[in-house]
Amino acid sequence: MGKYDALVELLVAAIKEGRDVKRDANSIPVGISNRHVHISQPDLDTLFGRGYQLTKMKDLSQPLQYACKETLTICGPKGAIEKVRILGPVRRETQVEILQADCFKLGIAAPVKMSGDLRGTPGITLIGPQGSILLMQGVIIAQRHIHMTTEDAACLGVADGDQIAIQVSGHRGGTYTNVAVRANSTSALECHLDTEEANAMNLTATSTITIVK
């Protein structure tokens, strides 16, 4: 077993130990995502210099994921957005996740898709301190989803790939449908919404949601 596999197993064990065995469908934590970039090593080399390594700023809720010190400017046909955060580690293919309102500013029509599904997506220009890249594809609006382990999924009565509904309480609460379940052996239990979705229902980083299926 390699060092990476051993680290993943330790992280999974820590996640399981830190949670009650009984999963509560009425109290799933929320993670709120702003626009960001997942980047490949070749593109990172072009934008920041050959052999560049990302600088971790803080860990995110999902194991081995982290926010980086580095930011980029993203440019579309109609406008640009500065200081878009890179999330690490590097990926096989660069992906840019934006908000619905960003489409108007940038002048592109990004589809709602799951992370990693980049077929038929528009491109965009990325500008870094050492260069720029014109991506031919890779811009999406992330579909809302819930990360969980397969054990969580069994306890909650759902499965990887399911499309479910969630309920948000409060004065601005309501129901979101088309929430994808992403279940695997390593994920931490958390519902991921973007800032527009969270703001619409007055959600914060301490909020929780209920699965209603």
Side-chain angles (χ1 to χ4, degrees), residues 15 18-20 22-38 57-63 65-69 71-72 74 76 79-88 95-117 121 139-149 152-153 155-183 187-213:
I15 291 169
R19 294 183 302 204
D20 191 272
K22 183 179 180 180
R23 281 24 171 209
D24 186 357
N26 295 314
S27 185
I28 293 177
V30 173
I32 302 171
S33 298
N34 202 347
R35 65 184 71 88
H36 58 271
V37 177
H38 298 284
M57 186 171 66
K58 66 174 181 179
D59 288 316
L60 301 177
S61 59
Q62 296 306 309
Q65 304 295 306
Y66 53 90
C68 302
K69 175 183 176 182
T71 62
L72 298 169
I74 60 175
I81 300 174
E82 299 179 334
K83 297 182 180 179
V84 179
R85 184 76 53 194
I86 296 176
L87 302 186
Q95 173 178 300
V96 181
E97 297 182 30
I98 62 174
L99 308 175
Q100 184 68 60
D102 294 341
C103 293
F104 301 102
K105 182 176 180 64
L106 296 168
I108 60 175
V112 176
K113 281 182 170 276
M114 293 300 297
S115 179
D117 181 9
T121 58
V139 185
I140 66 169
I141 299 169
Q143 181 178 348
R144 44 186 174 257
H145 55 279
I146 301 180
H147 288 287
M148 61 182 71
T149 63
D152 291 331
C155 291
L156 294 169
V158 298
D160 182 53
D162 282 355
Q163 298 286 323
I164 61 174
I166 60 172
Q167 182 71 36
V168 178
S169 61
H171 293 300
R172 297 194 66 186
T175 301
Y176 276 134
T177 59
N178 301 317
V179 182
V181 173
R182 304 202 74 174
S187 292
L189 182 63
E190 188 173 62
C191 177
H192 280 191
L193 304 173
D194 68 29
T195 54
E196 291 175 329
E197 294 167 326
N199 289 342
M201 294 198 184
N202 201 31
L203 290 167
T204 69
T206 61
S207 298
T208 59
I209 58 91
T210 300
I211 291 179
V212 294
K213 302 180 185 178

Stepwise side chain to side chain contact (heavy atoms under 4.5 Å, CB included) check, Leu156 with Ile28: CA-CA 11 Å; Leu156 294 169; Ile28 293 177; 4.2 Å; yes

Chi angles and distances behind the side chain to side chain contact (heavy atoms under 4.5 Å, CB included) call for Ile74, Ile98: CA-CA 10 Å; Ile74 60 175; Ile98 62 174; 4.0 Å; yes

Side chain to side chain contact (heavy atoms under 4.5 Å, CB included) between Ile164 and Ile146, worked out: CA-CA 9 Å; Ile164 61 174; Ile146 301 180; 3.8 Å; yes

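In this structure Glu196 satisfies the side chain to side chain contact (heavy atoms under 4.5 Å, CB included) test together with Leu99, Gln100, Ala101, Asp194, sequence neighbours excluded. The ring-ring contact (aromatic ring centres under 6.0 Å, His included) test applied to His38 returns His36, not counting sequence neighbours.
Residue pairs meeting the side chain to side chain donor-acceptor pair (under 3.5 Å) criterion with at least one partner in residues 156-167, sequence neighbours excluded, are Gln143-Gln163, Gln167-Thr175.
Put simply, CG on Leu203 and OG1 on Thr195 are 11.5 Å apart, with the number rounded to the nearest 0.5 Å. Rounding to the nearest 0.5 angstrom, the gap separating the CZ atom in Arg85 from the OG atom in Ser33 is 13.5 Å. Between atom OG of residue Ser27 and atom CD1 of residue Ile211 there is a gap of 11.0 Å, rounded to the nearest 0.5 Å. Distance CD1/Ile108 to CG/Asp102: 8.5 Å, rounded to 0.5 Å. In this structure, the separation between NE2 on His147 and CG on Asp152 is 12.5 Å, given to the nearest 0.5 Å. Taking CG from Leu193 and OH from Tyr176, the interatomic distance works out to 6.5 Å, rounded to the nearest 0.5 Å.
Minimum heavy-atom separation, Val139 to Pro111: O-CD, 3.7 Å. Between Ala67 and Leu87 the shortest heavy-atom distance is CA-CD2, 3.7 Å. For the residue pair Arg144 and Thr177, the shortest heavy atom distance occurs at NE-O, 2.9 Å. When all heavy atoms are compared, the tightest approach of Gln95 to Ser115 is NE2-OG, 3.0 Å. Pairing each heavy atom of Leu72 with each of Val37, the nearest pair is CD1-CG1, 4.2 Å. Heavy-atom minimum distance, Lys113 versus Ile140: O-CD1, 3.7 Å.
For the side chain to side chain contact (heavy atoms under 4.5 Å, CB included) criterion with Arg182, the lone passing option out of His192, Met148, Met114 is Met114.
When side chains are defined from C-beta on, Cys103 counts as touching Ile141, because their heavy atoms get closer than 4.5 Å.
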